[in-house]
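Okay, so here's the structure we're looking at.
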Amino acid sequence: MEILVAVIALAGALLAAVATGALIRRLRDEPEGWLIAWTVAAGALCLSLAVVGIGHVLGFGPVTFRIYQVTGSLLAPLWLAVGLIQLLADKAPPRFLAWLFGIALTVVSVAILTFDPLRSTDLGKTLPSGSALWGLIPDYLLIGVHAIDVLVLLACVVVAALKWRGGDEYDTDNLHAVLVIAPSSVALVGAMRFAVPPLFTTALLAVGAAAIWYTVLRPLAPYEDDDEDELEAPHEDHERRPGRRVAPEPVPAAEPPPVAPPRRSPGLGDLVAEYRASDQQVDYAARMGAAPEAGPGTGYIMNGSPPPRMDTSPRMDAQPQRPDYAMPGTGVVYPGAELFSPAQPQQGGGRPAPSIFGLLTVFTIMDGAGDAFDRLAEATVEAVRRGEPDTLVYACHAVKSAPLQRIVYELYRDEVAYRDHQRQPHVERFLSERQAMVLATNVIELNVNAAKVVPLPTVMF
C-alpha cells in the first residue's frame, strides 16, 4: 500500500509542478490576483505531494511532517479561497482585505507550525495524522483556518451563482471555475482535518492540483483573438452587478468607449467568439450612400457631403398617405406620415435643428432569439409611433449579412424628448425583456449634420 500511495503522490506532484509552471507563464502576460493566489496554492500542493511520496518510500520525520502539514493543510486551501475572492470581487477593498488577511495568516501560522514542538517524533512510512501530533495551539489554529476556508468557499459559491443569474459570459465562466475549485478545496480540508486513509488523502491532494490546472486551461483560459485587428468585439454596455437583466439602459457616452481585450475563453463566450470569427466586414457607409434606385426611399443621413440625386418620379409623389406597417419577423419598421411631428415639418434646403439628439444601437442577439426580439421591437415601435410625437425617427433594422445583429436608429427633437422616451412604460418593458435575448450592446451617440427624410413606402393588406 505504501508503494501505491508513493506512486500516486509522485505523479500528483508532477501534475502540480506542471500546473504551477503554466500559472507562472500566464502571470507574465496577465498579472491577475487570482492567478498569483492559485500559483501559491499549486506550488504548495506540489511540495506536499512530493513530501508524501518521499515519506512513504523513506519514512516520515519531523521536517517532512511539518512541510506536509504547512503546504497541504494550511497554504493550499487558504490560497485557493483567497484566489476565489480575487476572481469574484468587483471592487478593490475586498481584494485588498483578502490579500492582507491571507498574508498575515500565512506568516503567523507558518511560524507557529514550524517552531511548535510535536507530541511525538516517532513516525513511520504511513502518512501521519496532524491532530495526533500537533500541540494544542497548532491544532486549534488549523481548525480555525479550515473553518474560515470552508465559510469563504461556500460564500464564493453563493456569490458566483447570484452573479451568474444576472450576468454575462464572464460570470458564467466564474461560476464554472468556482464549482470546480470550491468542492475540491472543501474535500481537501476534510481529508486534512479528519482521519482518512492515506490513499484517499493523497488522491485529494492530486485532485486539488488537477482542479487548478483544469480551471486555468478551460473556463479561465485567455481568448485567442487571431483576427483582433480585423474584427471588433461588440462592447457590453452594462455594469457588472447582480440583477442587471432588469437594470435601466445606461446613458450613452459621447464617443463609443474603447473595447478592452477579452480576458479569457468563456463557456457562453465561445458563442460570441465563433460568431465574431464568422462575421464578414460590411461597408455600411457605402450602403447608406447608395443611389436611390438600389432600394426603397429611406432617406439619407450625411456628414457634410452633398445629398445624392433623388428620384422625383410621379410613382412616389402620387402615392397617397397610408398607415404605418411593421414587417413581421424582419425587425424593419416603415413609418408613415408621423415620422416628423406636425409642429416641425421637413423644410427643403434647411439644416436640421442643432438640438436634435440621435442614437445608433447595435445589438448582438442570442442564436434563436431573433423572432422574439423582432416581435418585441415591433410592439415597441408601434407604441412609440402612437404616443411619442417628439420622437422623430425610431426604426429597427435587421442586417442581411449578420443574422444575429439588429440596429436601432433613433432621432429625438432634443435631449428632453429622449429622457421622456426613456421613462415610457413600453420602453422600460423593451429594456427589461430584451436582456434575456441580447449578448452585447454597442451604443453610439449621433449629431445630425445634414439630413433628407421622407415618409417610407408602406404595405397594405
Side-chain angles (χ1 to χ4, degrees), residues 1-20 39-81 102 104-150 184-212:
M1 180 64 70
E2 287 80 7
I3 298 300
L4 177 60
V5 174
V7 170
I8 295 176
L10 293 176
L14 179 61
L15 174 66
V18 174
T20 304
T39 301
V40 175
L45 289 171
C46 177
L47 189 56
S48 181
L49 285 164
V51 168
V52 170
I54 295 172
H56 277 83
V57 175
L58 303 177
F60 287 92
V63 175
T64 52
F65 170 76
R66 291 179 190 273
I67 294 175
Y68 156 69
Q69 284 286 301
V70 168
T71 55
S73 185
L74 173 68
L75 296 182
L78 174 63
W79 286 98
L80 284 172
L105 189 58
T106 297
V107 172
V108 173
S109 301
V110 168
I112 294 175
L113 296 179
T114 301
F115 297 105
D116 196 85
L118 301 177
R119 293 180 180 177
S120 174
T121 59
D122 185 15
L123 308 176
K125 291 186 177 181
T126 302
L127 191 65
S129 172
S131 58
L133 296 178
W134 286 122
L136 185 63
I137 295 178
D139 191 36
Y140 278 102
L141 174 63
L142 288 176
I143 291 175
V145 172
H146 292 163
I148 293 173
D149 290 340
V150 172
S184 59
S185 302
V186 172
L188 177 59
V189 168
M192 301 300 293
R193 182 71 261 153
F194 304 104
V196 297
L199 180 63
F200 187 65
T201 302
T202 305
L204 286 178
L205 288 169
V207 167
I212 297 174

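As the structure is a computational prediction, the values presented were derived from the model and not from experiment.
- S184 pairs by the side-chain contact (heavy atoms from CB on, under 4.5 Å) definition with V207, A211, not counting sequence neighbours.
- Under the rule for a salt bridge (Lys or Arg N to Asp or Glu O under 4.0 Å), the partners of R193 that lie at least two apart in sequence or sit in another chain are D139.
- Taking OG of S131 as the start and CZ of F194 as the end, the distance is 9.5 Å to the nearest 0.5 Å.
- The structure places OH of Y68 at 5.0 Å from OG1 of T201, a figure rounded to the nearest 0.5 Å.
- Residues R66 and L118 meet the side-chain proximity criterion, which asks for heavy atoms closer than 4.5 Å.
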Side-chain donor-acceptor distances from residues 109-117 under 3.5 Å, at least two apart:
| unit_1 | atom_1 | unit_2 | atom_2 | d |
| --- | --- | --- | --- | --- |
| S109 | OG | L105 | O | 2.7 |
| T114 | OG1 | V110 | O | 2.5 |

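- Within 6.0 Å of CD1 in I137 there are 12 or fewer heavy atoms belonging to other residues, nucleotides or ligands.
- W79 is not listed as a side-chain neighbour of T39, based on a closest heavy-atom distance of 4.5 Å or more.
- Of the inter-residue distances, the one linking L15 atom CG with T20 atom OG1 reads 9.0 Å to the nearest 0.5 angstrom.
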Would you be so kind as to tabulate the donor-acceptor pairs closer than 3.5 Å made by side chains of residues 4-14, with sequence neighbours excluded?
none

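- Residues A209 and A16 approach most closely at CB-CB, 3.6 Å, considering heavy atoms.
- For residues 123-149, the pairs satisfying ring-ring contact (aromatic ring centres under 6.0 Å, His included) are F65-W134, with sequence neighbours left out.
- A heavy-atom distance below 4.5 Å is found between the side chains of L80 and I212.
- Residues L133 and L123 meet the side-chain proximity criterion, which asks for heavy atoms closer than 4.5 Å.
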Run the side-chain donor-acceptor check on residues 43-57: report pairs under 3.5 Å with partners two or more places apart or on a different chain.
| unit_1 | atom_1 | unit_2 | atom_2 | d |
| --- | --- | --- | --- | --- |
| H56 | ND1 | V52 | O | 3.0 |

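- Shortest non-hydrogen contact noted between G135 and R119 is CA-NE, 4.1 Å.
- The shortest side-chain heavy-atom distance between L74 and Q69 does not fall under the 4.5 Å cut-off.
- At least one donor-acceptor pair closer than 3.5 Å links the side chain of T202 to the backbone N or O of P198.
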